[in-house]
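Here is the naming used below: chain letters follow the sequence lines, and residue numbers restart at 1 for every chain. The structure presented is a predicted model; accordingly, all values stated were derived computationally and were not measured.
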Amino acid sequence: MTTERYNPREAEPKWQNAWAEAKLFETGDDDPRPKYYVLEMFPYPSGRIHIGHTRNYTMGDVVARHKRALGYNVLHPMGWDAFGMPAENAAMQNRVHPGEWTYANIATMREQLKLMGLSIDWSREFATCDVDYYHQQQSLFLDFYEKDLVYRKQSKVNWDPVDMTVLANEQVIDGRGWRSGAPVEQRDLTQWFFRITRFNQDLLESLDELDGWPEKVRTMQRNWIGRSHGLQLRWALDADTAPAGETELEVYTTRPDTIFGASFMAIAADHPLAIKAAQSNPEIAAFCDECKRAGTSLAALETAEKKGIDTGIRVIHPFDSGWTLPVYVANFVLMDYGTGAIFGCPSGDQRDLDFANKYDLPVVPVVMPADADVASFQITEEAYIEDGVMINSRFLDGMTPKQAFDAVASKLETETLDGRPKAERRVQFRLRDWGISRQRYWGCPIPMIHCQDCGVVPVARADLPVKLPENIDFEKPGNPLDRHSSWKHVDCPSCGRPARRETDTMDTFVDSSWYFARFTAPRAADPTVPEAANAWLPVDQYIGGIEHAILHLLYSRFFTRAMREAGHLDLKEPFKGLFTQGMVVHETYRTGNGANAEWHAPSEIRFEERGGRRCAIVAATGEEAEIGSLEKMSKSKKNTIGPEDITQSYGADTARWFMLSDSPPDRDVEWSDRGAEGAHRFVQRVWRIASSVTGKVAAGDTSSAKGDALALRKAVHKALKAVGDDFTRLAFNRAIARVHELVNEMAPLVDKTKDGSPTDRAATHEALSILMQMIAPVMPHLAEECWQALGYDQMIAATPWPTFNADLVVDNSVTLPVQINGKRRGEIVVSKDAERDAVEAIVLETDFVRHHLDGASPKKIIVVPNRIVNIVA
RNA sequence: GCCCCCUUGGCGGAACUGGUAGACGCAAGGGACUUAAAAUCCCUCGGCCUCGGCCGUGCCGGUUCGAGUCCGGCAGGGGGCACCA
């Protein structure tokens, strides 16, 4: 019988239409089956989908299809994280409206995504830039405002003094604006904040219960929230050196035990003391200005060279009125943290030590390892931060740092300075409130109005949504909303007099902090329908990139709590299970260097061997391109492969299978054409086997199967058990390896059984049916085609997951490796769960054990049942 | 700089809670079929050698009857650092 090759170009659209017509993936709210909500982080509509995006949607799709087959009512929606800077950049470069650009991208990307055959409920789709969505978001903002979860305060932004615009951190390159090249300055603006710190203790504690999250993400969040125990400590200023009106300097420290190792104080450039010192000293003023040019990102600050300047101000040591220490302004101290001031103990902190060495400040070791010698213990280049014993610390000597902490705290709590205790124990969090103001057009407008008489007034609910104006221009830098006079000028909702709108829009992280809740009632007139949200949430399995481990996930956890306070839902944690997937990477091809560098798409490259070296040649010009490292697929480096590249040749199933093969899902996968070919060979192999039995086999009684038919059944049921477990654990690569193994084992058996007895043929039919069900979550189109070839009328996408036969998956005997002194020397076959004594007796009789023991009797025999035997000779 | 993670053949990786290192796939080599090619099928495939062994999971050390897995240190690579999404 000749078989046609499987043709995905025909089969894939056919089955996609069939699923859509049957509305198989549209999810109802009133369904008696248990719910399962699977969600992949929604994409930013950057232009075109590439295969890298589709890997995590494929993972989610496998979960969705598997859970659906297991009998769950599955919610698997898709949307667009559609506000953000790239749309404004496009507007500036191509004079296209950000909205037009965004919706055009969405249309393209939706069609590309649909090629992949994902089982998504498209009826729930929305984009965060839809007026309806940001209308609801404005309403949430007002709710939070009423609950005192929103407030305004001064905060720093990166300011480009040439373009007169606020810059994002990524727009600051080496301290300069990306367009103007001008040195960036820090500017204070009054901005809107969400009071995430109200929940800091709860956000921290609840991490313990999120056992469906990777431990590393929980650890990262714990560190980010950063709860610490310390001392708020007040140092008296030396009156002769203090600026007028200043009498003390307050610091927060987690290491009060090192107080006798203190050799200087360091304050932020915008600390009140620094500002006063700068007023009378131009050098200090110049240094403070320099600090303000450093940009606002923490990474930039901390990698910069540590610098400071002596203010001339002196503080008095709390335990010794004759001991004064200098106060420096330092570029590594931030006003946002603690009190904006620290005391430096060089021997116990590397940064303080570097600073002390640079400015010739004393270094007194105060903690040393318990076994070190006081007389000779010195700190020169490397600070000692470990536990140990206190030295050079007067009444603390001999204590542990922990005891010293308590001793210092207890003592200073009872002493006073200007009538107040010198110190107070305090629990501090590193987490800061979330600044959401953005001086940009393409975001959700903040629904507030500024009135000269009434102050800040919320927009009336009835006046929502505050829509973005359409007629805007991007000819000038800065925020078009701020220049748009007819939009900006409104009457005050309170007094009716002329007022102006808030022209800042919200951080796009706000948009993505509640979209998962909106999917549960995407067309509701309120942000949520609480019954629907409570029924569907939490998301059972959330899948996305590790780069979102902290901010997006923490903000979403905050939003869920805040929405609960506002009555929109009733839960704390939005994501029950979290999986962080790796990226799809590809080589890059570049000609030219520096400013002349040009990147080439893989489709423009052909490969040649030159002197045993693999060379990439630009097909059009014959020029050799430099092969770059494996990088995340990106538009700018052109190392992308689009879904249509693959669906036009191998089909979506091949791409899906390939992307989940080999690499574990939480690691990066390299796209390779060879790998895709390999996956396609497997597609054809499955089709060949399925079509070879068409018309020959049918369902029937398999209970009396023997020989090849029994071997077939055993192999299939064992694989079914393993693959089901692997899908549940999201170990897709293992599941695929198991299926490969199974097909290798099945192929020769099927060849014989398909023409055998009725029982043989029934077993063949059963085996192939189960195989198709196992591959269906990953290769849904191929599975439907084969399912039909096996004679089924109902689609496989609507067929329940098979159950394995427990009798077929257990073996009666087991092969035990035998080690002598930890080295494998042979193996024995014993019955399953054989007695320890019996195993020992068998082992000692084997030739290889006798040979290695050479007459001696073993010291010890370790038998791990059904696992291993180790003889200690 | 700080926090988190990763490192196993030519390559991607497997080895579940410490128990046969290299499953499965890719690449490569050999063979069968074919006028030929494609496709398919079969075999080999970590290193070294005296073919019985020895070495081997980034590097150094430790715990253990037994370590890829646990602990300490080091090196290299990646992610995050609050206005990229």
Check if the side chain of [X] and the base of [N] share a donor-acceptor pair of N or O atoms closer than 3.5 Å.
X	N	value
A:Asn223	B:C3	no
A:Asp662	B:G13	no
A:Gln191	B:C83	yes

Where each residue is assigned the nucleotide of RNA chain B containing its nearest heavy atom, which of A:Val872 and A:Val864 is assigned the position nearer the 5′ end? A:Val864
Starting from the 5' end of RNA chain B, give me the residue, A:Ala737 or A:Ile871, whose nearest nucleotide shows up first.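 Its nearest nucleotide lies further toward 5', so the answer is A:Ala737.
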Under 4.0 Å, counting only non-hydrogen atoms across every strand here, what does [X] touch: a base, just sugar-phosphate, or nothing?
X	value
A:Phe332	nothing
A:Val869	nothing
A:Glu741	sugar-phosphate
A:Pro43	nothing
A:Asn733	sugar-phosphate
A:Arg867	sugar-phosphate
A:His552	nothing
A:Gln439	base
A:Arg351	nothing
A:Ile862	base
A:Val157	base

If only side-chain N and O atoms of A:Ser663 are considered, is one of them under 4.0 Å from the OP1 or OP2 phosphate oxygen of B:G12? no
If pairing means Watson-Crick or G-U wobble with both distances under 3.5 Å, then the partner of B:A23 is none
Considering every strand shown, what is the Watson-Crick or G-U wobble mate of B:G46 when both distances are under 3.5 Å? B:C55
Between B:C4, B:C83, B:G12, spot the one nearest the side chain of A:Thr219, thanks.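 Given the options B:C4, B:C83, B:G12, the side chain of A:Thr219 is closest to B:C4.
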Given B:C24, B:C83, B:U20, the nucleotide with the shortest approach to the side chain of A:Val166: B:C83
With the threshold set at 4.0 Å, does a side-chain nitrogen-carboxylate oxygen contact exist between A:Glu215 and A:Arg222?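 A salt bridge links A:Glu215 with A:Arg222.
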Hey, is A:Lys718 close enough to A:Asp811 for a salt bridge, meaning N to O under 4.0 Å?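 Salt bridge flag = yes for A:Asp811 with A:Lys718.
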Between A:Arg685 and A:Asn744: side-chain donor-acceptor atoms closer than 3.5 Å: yes
Regarding A:Tyr555 and A:Asp507, is there a side-chain donor-to-acceptor distance under 3.5 Å anywhere?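 Checked: A:Tyr555/A:Asp507 side chains show no N/O donor-acceptor pair below 3.5 Å.
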Does some side-chain heavy atom of A:Thr508 sit less than 4.5 Å from a side-chain heavy atom of A:Tyr44?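 In short, these two side chains do not touch, never coming nearer than 4.5 Å.
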